[in-house]
Amino acid sequence: MNEEISKILYEIAILLEMKGIEFKPRAYEKASQAIASLSEPVESIYKKDGLKALMEIPGIGERIAQKIEQYIKTGHIKEYESLKKKIPVDLEDLSSIEGLGPKKILKLYKLFNIKHRKDLERVLKSGKLRNQPGFGLKTEENMLQAIKFLKSDQGRAVLGFAMPSIRSLLDKLRSVDGVERVEIAGSVRRMQETVGDLDILVISKKPEAIMDFFTSMPGIIKVDAKGLTRSAVHLGIGLNADLRVVPPESFGAALQYFTGDKYHNVAVRQIAIKKGYKLNEYGLYKGKRLIAGGTEEEIYQKLGMQWMPPEMRTNTGEIEIALNEKVPQLIDYDELKGDLQVQTDWTDGQDSIKEMAEAAEKTGLKYILITDHTKSLAMTGGSDEKRLLKQMAEIDKIQKQVPGIKILKGAEVNIMKDGSLDINDETLAKLDVVGAAVHSFFHMTEKEMTKRISRAIENPNVDIIFHPTGRVLQRRDAYKIDIDAVIKAAKKTKTVLEIDAYPDRLDLKDEYIRKVVNAGVKLSIDSDAHAAGHFKYLEFGIGQARRGWATARDIINTRSWQDMLKCLK
DNA sequence: GCCGTTTTCGGCCCGACTGTTTTCAGTCG
């Protein structure tokens, strides 16, 4: 319901913008965002206290609250339907084309009755558009290119998988003549799960040199813009990249400006205005006088705010706590001491127990938990009770060969359809740590799935629930689950919930992590490594934890292995 | 249409680049 209402409000914004109406579109856009970021269904807010409760959501006033009420009661919003009747175009379809905004969409509809991407493609190929006022040959070419780009399904990458290429790109830029500093801002610095654009900031004495290099690197598909302060390209790896050259005295301002998401930035700039300043990518100004700009810290400080980590900058409450100097000390990237989900060649991992232990030690870890799959996961050659016991003996043997790292005994036990486990309790009790996870029957009702996982949580041997919602980015949605009920069950039984750090899992998601932290339930951050090279993915689990405002105290494997074990049930 | 330590009326984030113009509208981030 939230998603539908949010989408309708957003489309109303575009439709109003088409008509040239000022400011209202912003209001609807804001309201759309407000609804999208609610953690509770809007109808349950409405049920509590009707219109009044809706109006307490920032960005929702009387009129939009009434429209939401109308949608809850009838499933429609009249104003939307009548706007849509006048301009019946597929807004989602058309506005996803780069370079195409509300005004041009309206022109295209009026001129050629274009409603979908397909209509546009036809008219573009006919060559009729180029003679219309406001359009030309170049516009035609750009739109065709943008449509082609969309069709190729490029445009977003899983951050953890793309990071090596991103870092190597940054290193290349650092080696260009005249370049003094290169940093990445935007969604990469915020450690978002997936990224579409790279925002690169550069200090350079020779802007021409870096821009020439940037726009002519091998593998570039298209140059979107080239100037002395900003250039933009489509990279071959399916991402867009923006590069800006910034003077040193403005570097902090630029970093601030291009790191926060749109909503964070708007909110911060409003605070600046209230204090009589102007904030842009060059600095914080009082009239024409530069007040701050070299570092992010001084900008936030002048605004009466505490500096906050990039991962928090999404306008979901961080502004308020920064104004009150209550920014939490988030878990740091070097604070993990162990990894509690590691697969080996006993099941579907690539490398042996010893190889995994050695690789983990090399990355600085002090302990790992071996968690191979169990028998009902036949495709991975999952272990039964007997084989688990055999593996435990093997671990004792290998432990003597790798004295620098503690190898703990565990398993990734399969949670069956009814919530029972596929290994008997007697064997589970012998393991140091037991993780349990769902690997089958994903399409249950929310009620059934919640009951299933809660039953596993109640097993006295189950210490951690691995990848609790089962999603795989860009491939599979999370299964339906009542996260509040699961957190409650975990709290009652002292069960730990995992943040699976594998780049396309990142499961739990940030919003759920915040709920877990608020409930006082403990988390673990695990790589889910299936090969010796996978321990590096822990970084993205930590990023995820930081986006969920978790501190080191909330994460059990920031402790020594002895203290970690004491956190378990 | 929303909001309030400038305000219940009168504001609303800001700048770069492109393409189509001949001074600027539209789009993007």
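Just so you know, these numbers use all the heavy atoms, side chains as well, and skip hydrogens, waters and symmetry mates. Below, read A as the first sequence line, B as the second, and so on, with proteins coming before strands; counting in each chain starts at 1.
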Please work out if [X] contacts a base, only the sugar-phosphate, or nothing of the nucleic acid, heavy-atom cut-off 4.0 Å.
X        : result
A:Asn142 : sugar-phosphate
A:Ile12  : nothing
A:Asp199 : sugar-phosphate

Which atom pairs, one a donor and one an acceptor, fall under 3.5 Å between side chains of residues 163-173 of chain A and the rest of the protein, sequence neighbours left out?
{"residue": "A:Arg167", "atom": "NH1", "partner": "A:Glu539", "partner atom": "OE1", "Å": "3.4"}
{"residue": "A:Arg167", "atom": "NH2", "partner": "A:Glu539", "partner atom": "OE2", "Å": "2.6"}
{"residue": "A:Asp171", "atom": "OD1", "partner": "A:Arg174", "partner atom": "NH1", "Å": "3.0"}

Protein N or O to nucleotides 3-6 of chain B N or O, pairs below 3.5 Å:
{"residue": "B:dC3", "atom": "OP1", "partner": "A:Gly59", "partner atom": "N", "Å": "2.6"}

For atom [atom1], what is the distance between [N] and [M], given to the nearest Å?
N      : M      : atom1 : value
B:dT20 : B:dT27 : C1'   : 14 Å
B:dG15 : B:dT7  : P     : 25 Å
B:dG1  : B:dT5  : C1'   : 23 Å
B:dT8  : B:dC3  : C1'   : 9 Å

Any N/O pairs under 3.5 Å between the protein and nucleotides 8-11 of chain B? List them or say none.
none

Tell me: [atom1] of [X] to [atom2] of [N], nearest whole Å?
X        : N      : atom1 : atom2 : value
A:Lys222 : B:dC28 : NZ    : P     : 12 Å
A:Arg130 : B:dG19 : CZ    : C1'   : 15 Å
A:Ile271 : B:dC14 : CD1   : P     : 14 Å

* Would A:His76 and A:Tyr71 count as a close aromatic pair, with their ring centres under 6.0 Å? ->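 For A:His76 and A:Tyr71, the ring centres are not under 6.0 Å apart.
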* **Lys/Arg N to Asp/Glu carboxylate O, A:Lys509 vs A:Asp507, below 4.0 Å** =>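 No, this pair does not count.
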* Asked: Any side-chain N or O of A:Ser231 less than 4.0 Å from the OP1 or OP2 oxygen of B:dC17?
  ->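 For B:dC17, neither OP1 nor OP2 has a side-chain N or O of A:Ser231 closer than 4.0 Å.
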* Asked: Would you say B:dT20 has OP1 or OP2 under 4.0 Å from some side-chain N or O of A:Thr139?
  ->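 Yes, such a contact exists.
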* To do: Using the side chain to side chain donor-acceptor pair (under 3.5 Å) rule, pick out the option among A:Gln256, A:Glu298, A:Glu296 that qualifies with A:Trp307.
  =>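 Output: one option passes, namely A:Glu296.
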* Asked: When you measure from every atom of DNA chain B, which of residues 279-288 of chain A have a heavy atom less than 4.0 Å away?
  ->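 Here the set is A:Leu279, A:Asn280, A:Glu281, A:Tyr282.
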* Under 4.0 Å from any atom of DNA chain B, heavy atoms only: list the residues of residues 21-29 of chain A that qualify, in numerical order. =>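 Output list: A:Phe23, A:Lys24, A:Ala27, A:Tyr28.
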Using a cutoff of under 3.5 Å, can you pull out all pairs of nitrogen or oxygen atoms linking the protein to nucleotides 23-26 of chain B, with atom names and distances?
none

